[in-house]
Amino acid sequence: MTESHADFAVLGSTPLARLLAGILAAVHGKRVVFVGESQASYRLPRGIDLSVSAVTRPETWALLGRGVPETTKLLTRVGGRRAWSRVDPVMFSEAPAGRVALAHVRHMAQAFGHAAERARNQNTGRDREGLILRDAVLLHRPMLETVLDKWLGRLAVRRVGDGDILTLHADGSGHVLAGDERIVIRQTVLADDAAVLAHLDKSSWPGLLHQRIRSTISIEPTAPIAAPVMLGLDNGIALVQQAGKGLSAMGPGAMDPLASALGQLLGTEGAFRQAGQSSYQALVTADGAPAVGRVGGNGPDVLAGLGPSAAFLAPAIARWLCGVAEPAESAWFGARLVDRQFDASPVAEFGGAQ
Amino acid sequence: MKGQSSRFDAGAGGQPRGSALDRTRPLKFSLDGRVVSGFVGDTVLTALLASGIDTVGLREGSPLALSSRHAPTIRPVASDDRQALAMERTPATNGAEYVTPARKTAGNPLLRLFPPAGRSLNIDLDRLDALARPWLGAPAEPGPAADMLVVGGGVAGLSSALAAATRGLRVVLVDASAHLGGRTRLFGTQEGEESPGEVIARLTDEVAEQDAITVLLGAEVFAVRSGIARLHHVTTVEGVVSGRVVDIRARHIVLATGALERLPVFPGNRLPGVVGALEAFELAQLFDIWPGGSTLVATSSSPAYRLAMLARDANIAVSRVVDSRAVPQSRFIEFAKAYGITLAPGTIVAAASPAARGRGLVVLPQMSINGFTRAEPEIGTDRLIACGGWQPDLTLWHMANGESIWNSTLGLLEPHGSLPDIALAGSAAGWLSRSACLSSGGEAVDMLLGRQQRPVEERLIDPVYETPDAVTPVGNPPEDNTPPAYLDGGRRYVTRPAEQVSSWPGWLPFAPRPQGWSLADTPQALDIGDIAAGVQLGAIPPASAGIVAQERVANVPINAAPGATRNDVAGPLPLPPAWLAGRYPGASLRIVVPEDEARTLDPGTLIFSDADQSDALLAIGVIVRIVDDRAVALVRGTEGQVASAREGGRSIDIRLASSLGPEHGA
């Protein structure tokens with residue numbers, strides 16, 4: 001049996017996981033193993049990838065301020081220019097707490113140079129407060145996945161196949177048995193919710209992370225909604241309308257309650273037709289803020305709670321994992337470690353589990 | 001039979017005798033102002049088909065056939081969507097007046113002054129709501145009480161209902177058609193078995209004698225969860241047809257939903273004139289309908305030969321039976337040879353197109369054996385019966401969260417695992433022979449009741465004598481000038497991507513690249529036939545077929561109490577909110593006042609130590625909220641201190657005023 005070594009194994013199927021694996025290999029010269037399925041072209045999405053979200057912390061806006069152009073340049077360079085587009089998403093709320101948060105998000109976005117403006121009532125529906133953020137970047141997962149998979153192939157990122165056996169250890173290391181080859185992994189990165197849920201040992205489960213049922217409902221073409229992307233702060237529902245007017249809705253809860261909430265939201269109770277639906281376990285953090293870093297200080301690296309903008313943090317995450325992050329980046333990650341105390345959390349965001 | 005150009009002349013030497021029809025009672029009704037003739041026993045759909053109306057409308061410029069799986073909704077004149085009906089389940093009644101509410105294709109405005117004519121309903125199928133079924137979103141009323149609901153009135157459903165009633169349960173048995181018995185008639189009889197007609201008659205008589213069994217015909221179940229099913233029921237009371245949505249709650253549910261016929265994938269596979277073997281058989285057997293004078297049969301399954309013989313019995317020319325299997329063997333094939341029908345094994349339909357004149361089709365056969373292909377001469381025909389084999393109908397099973405896996409050998413999805421209160425029976429469970437389907441009905445009931453089960457025995461003829469079905473044939477990819485190749489024949493319109501034709505070699509950097517095929521972005525549900533075809537065409541990996549089928553089934557919410565919203569916490573809002581914790585170390589909650597008292601301050605406005613500052617990372621505070629018309633800020637500083645608030649790029653001089661007190665600690 002031959003033996004080879006990898007610096008990182010990145011587990012996950014999201015754009016963040018793929019981008020991270022590629023950047024570690026391409027920019028930082030690391031030997032990387034990638035463990036993730038390519039299913040965006042036929043499975044329902046479980047999330048969206050948007051360069052803006054309901055973030056209230058200035059340091060996060062600052063981090064995204066660098067990450068978004070860095071990521072889009074990278075995507076363009078690797079042949080993925082058609083895998084992202086500019087959109088004007090709308091965030092909205094009707095609950096008092098959400099309205100206040102929305103106002104804070106608007107000012108914070110403006111402070112970081114984003115064109116952010118209040119949405120009119122006809123855009124969001126009566127009694128709802130809305131916020132339009134201009135020129136955000138939306139990634140198109142099915143197209144992006146194809147591009148990134150080819151890129152990972154060109155970078156010689158080793159992909160763990162169906163017949164290969166992956167073993168992870170509590171100290172974050174692991175190995176892959178692929179035929180007569182054994183690949184020793186120095187550090188594992190659990191880069192999306194499914195990877196964390198599948199591979200993180202329950203005995204070392206961080207109190208910060210909570211499991212929740214989420215659902216995705218795909219809706220047959222319907223009347224145009226106010227914006228191609230809409231994010232509801234009150235209920236955590238994200239709506240994405242495709243060019244053909246089909247709608248994908250993602251949000252917390254089981255399928256039928258989500259469908260009911262969607263009916264209320266769209267004002268079409270019972271009148272829309274589902275083109276698909278799926279329920280799955282997802283992770284939320286107690287304080288609504290991202291959770292990163294090694295579980296227990298020496299276990300696998302976890303990336304959770306990063307929200308819709310996760311993919312745009314990939315360059316910074318890669319630098320941090322390789323120990324070459326800038327001071328502001330190190331401070332950001334250091335304040336959001338997965339083992340942090342989360343009572344009166346100094347990094348809390350709107351929408352935490354507690 | 002005036003006006004019924006596709007109706008058989010019963011008893012004129014042909015076998016079909018329209019067992020559903022009462023030919024002594026002709027009737028007429030109107031649809032969109034067009035008068036349609038039929039007989040008592042017809043549905044609105046069969047009366048239309050008998051009258052030569054075989055086209056729903058145009059989609060992307062190409063006509064699509066009218067069938068039991070692809071029929072528009074109708075409603076009585078001067079009614080609304082609440083009275084919508086499924087034409088395939090609506091009995092034709094004398095004097096009824098219906099309209100199709102779907103948008104029609106634009107035509108000559110003058111022609112709209114006259115009643116519509118021709119073979120098409122002229123529905124604009126480019127609109128994705130063209131075949132909408134309004135009852136899917138309608139509120140439901142409670143249905144009859146039941147301990148067990150059996151969905152499907154074929155032999156497996158009938159035996160399930162009887163087994164459950166025998167065990168003391170109250171049973172509701174539902175079927176979408178107007179008749180019990182299902183589709184077993186097409187599949188003939190094995191040696192020593194009762195004939196299909198005898199089995200159906202025996203079981204339906206036994207069901208009729210059981211007071212514990214309530215039968216609902218014309219009832220299509222469109223959603224199932226554990227303990228509940230929702231259906232649309234068409235009934236006729238005193239000659240008036242109406243529909244209602246009903247919830248049936250039952251602790252146990254048996255899904256005996258049978259098998260769907262797969263549509264072979266080739267350009268033109270849904271043109272008017274193309275029909276499945278099962279539908280053609282039922283139209284002939286029950287309603288004496290057989291359009292046209294010539295027929296070509298293309299199959300990968302032996303029962304289609306039985307249909308060919310039926311056609312010959314009715315003096316209809318069957319030009320040929322093409323079979324995708326290289327060396328098919330079957331008792332039906334031997335009979336077909338004896339009938340003198342030309343057989344072409346190892347042949348598939350590569351493409352079909354409308355004939356230059358008239359209603360016919362031009363079919364392009366293609367020899368296809370072990371990778372060798374050769375185009376055969378085109379064949380002109382009035383009708384193409386295209387049978388792509390059988391797929392267990394797991395639609396409701398998937399809706400109830402049941403799992404399935406892809407069987408690569410058979411090229412179909414088969415059920416996997418179990419559900420606590422829901423069981424499959426008959427062909428839906430994967431059984432093939434009638435004897436197995438019959439015994440699987442009782443076995444499903446015993447499984448749900450936790451009783452001792454007897455193993456179901458599949459009784460199949462040796463493959464040497466009865467060649468198993470081949471996987472569904474796949475013909476040529478569509479091109480720009482051919483009709484689309486659909487993946488399935490239902491209400492979805494998922495097509496195989498057209499092949500890009502280029503004069504440039506593919507290795508050139510500027511040669512057109514094949515388009516990616518993303519079923520994830522397809523804004524319509526996928527029927528199980530779409531999924532199976534998607535696997536065959538490489539768009540869905542076989543290992544993921546089951547989960548994709550579950551995800552993309554056209555589900556309808558039943559248990560739909562909305563969840564609580566995430567942040568609509570009752571009572572006063574926390575001040576400051578948790579997401580401001582630690583943002584400004586050493587800050588406290590203070591009232592802040594603009595120096596210009598006419599100005600107002602917004603929540604979220606950042607506060608800086610002086611007007612020259614604008615870097616959010618250097619802010620000393622933020623306006624948290626407006627309380628009693630006063631701006632409350634979380635800010636570092638002392639009472640009376642002057643600072644600057646930045647709003648929309650402009651600075652506003654402000655003064656820090658009184659603290660809110662220790663109960664509002666930051």
Side-chain angles (χ1 to χ4, degrees), chain A residues 39-45 56-59 61-62 95-98 100-101 103-108 110-112 142-143 146 220-221 233-236 242 244-246 252-253 255-261 264 270-271 273-278 287-288 344-352, chain B residues 128-129 132 136-139 225 516-526 534 539-541 543-544 547-548 550-563 565-569 573 577-583 602-606 614 616-617 619 622 624-625 646-649:
Chain A
Q39 51 190 19
S41 63
Y42 55 88
R43 294 291 303 274
L44 292 180
T56 61
R57 299 277 169 180
E59 61 272 25
W61 282 100
V100 170
H104 283 254
V105 172
R106 176 164 54 89
H107 282 276
M108 197 53 71
Q110 286 172 340
F112 282 90
M143 223 178 277
T146 308
E220 289 190 6
L233 264 65
D234 301 334
N235 45 28
Q242 288 98 15
K245 299 288 182 285
M255 285 185 278
D256 282 359
L258 177 62
S260 177
Q264 291 176 5
R273 294 180 301 282
Q274 291 180 202
Q277 54 284 307
S278 165
D287 58 7
S345 166
V347 293
E349 286 285 3
F350 183 77
Chain B
L128 270 169
D129 61 352
L136 296 185
R225 305 284 188 283
W517 193 18
S518 171
L519 289 175
D521 285 345
T522 303
Q524 48 188 316
L526 301 179
I540 302 170
S544 299
I547 187 69
V548 176
Q550 215 179 41
E551 281 189 355
R552 298 305 297 272
V553 70
N555 222 332
V556 173
I558 300 183
N559 304 311
T565 56
R566 194 173 63 175
N567 289 295
D568 55 354
V569 182
L573 295 178
W579 40 270
L580 282 177
R583 171 105 149 248
D602 267 355
T605 302
L606 293 171
S614 62
L617 294 167
V622 66
V624 179
R625 227 168 58 216
R646 196 157 192 93
E647 201 169 278

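Any value given below was found using the heavy atoms of this structure, including those in side chains, with hydrogens, waters and symmetry copies removed. Proteins get letters first, then strands, A, B, ... in listed order; numbering begins at 1 in each. Predicted model, so just to flag it, every value in this text is computed and none were measured.
Residue A:Ser345 touches chain B through its backbone alone, counting heavy-atom pairs closer than 4.5 Å. A:Arg43 touches chain B through backbone and side chain together, each having a heavy atom under 4.5 Å away. Looking at A:Ala40, the atoms closer than 4.5 Å to chain B (heavy atoms on both sides) all sit in the backbone: N, CA, C or O. For B:Arg646, the part lying under 4.5 angstrom from a heavy atom of chain A is the backbone only. Only the side chain of A:Gln110 comes within less than 4.5 Å of a heavy atom in chain B; its backbone stays farther off. Residue contact with chain A, scored on non-hydrogen atoms closer than 4.5 Å, involves the side chain of B:Val622 exclusively.
Among the candidates A:Ser41, A:Pro346, A:Ala348, the residue making the largest number of heavy-atom pairs closer than 4.5 Å to chain B is A:Ser41. Interface check for chain A: of the options B:Ile540, B:Asn555, B:Asp602, the most heavy-atom pairs under 4.5 Å are formed by B:Asn555. Contact count versus chain B (heavy atoms, under 4.5 Å) is highest, among A:Gly246, A:Ala344, A:Pro142, for A:Pro142. If you tally non-hydrogen atom pairs under 4.5 Å between each of A:Arg57, A:Met108, A:Met143 and chain B, the highest count goes to A:Arg57. No other option in B:Arg625, B:Gln550, B:Arg583 has as many heavy-atom pairs under 4.5 Å with chain A as B:Arg583.
When all heavy atoms of A:Ala111 and B:Ala616 are compared, the pair lying nearest together is CB-CB, 3.8 Å. Pairing each heavy atom of A:Phe350 with each of A:Ala101, the nearest pair is CD1-CB, 3.6 Å. Of all the heavy atoms in A:Asp256 and B:Arg225, the pair that sits closest is OD1-NH2, 2.9 Å. In terms of heavy atoms, A:Gly236 sits closest to A:Pro252 at O-CD, 3.7 Å. Heavy atoms only, all atoms of each residue included: B:Val624 and B:Pro577 are closest at CG1-CD, 3.6 Å.
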A:Arg273 vs B:Asp129, salt bridge (Lys or Arg N to Asp or Glu O under 4.0 Å): CA-CA, chis, key distance, verdict: CA-CA 9 Å; A:Arg273 294 180 301 282; B:Asp129 61 352; 5.7 Å; no
Verdict with supporting geometry, B:Ser544 and A:Gln39, side-chain hydrogen bond (donor to acceptor under 3.5 Å, both in side chains): CA-CA 9 Å; B:Ser544 299; A:Gln39 51 190 19; 5.2 Å; no
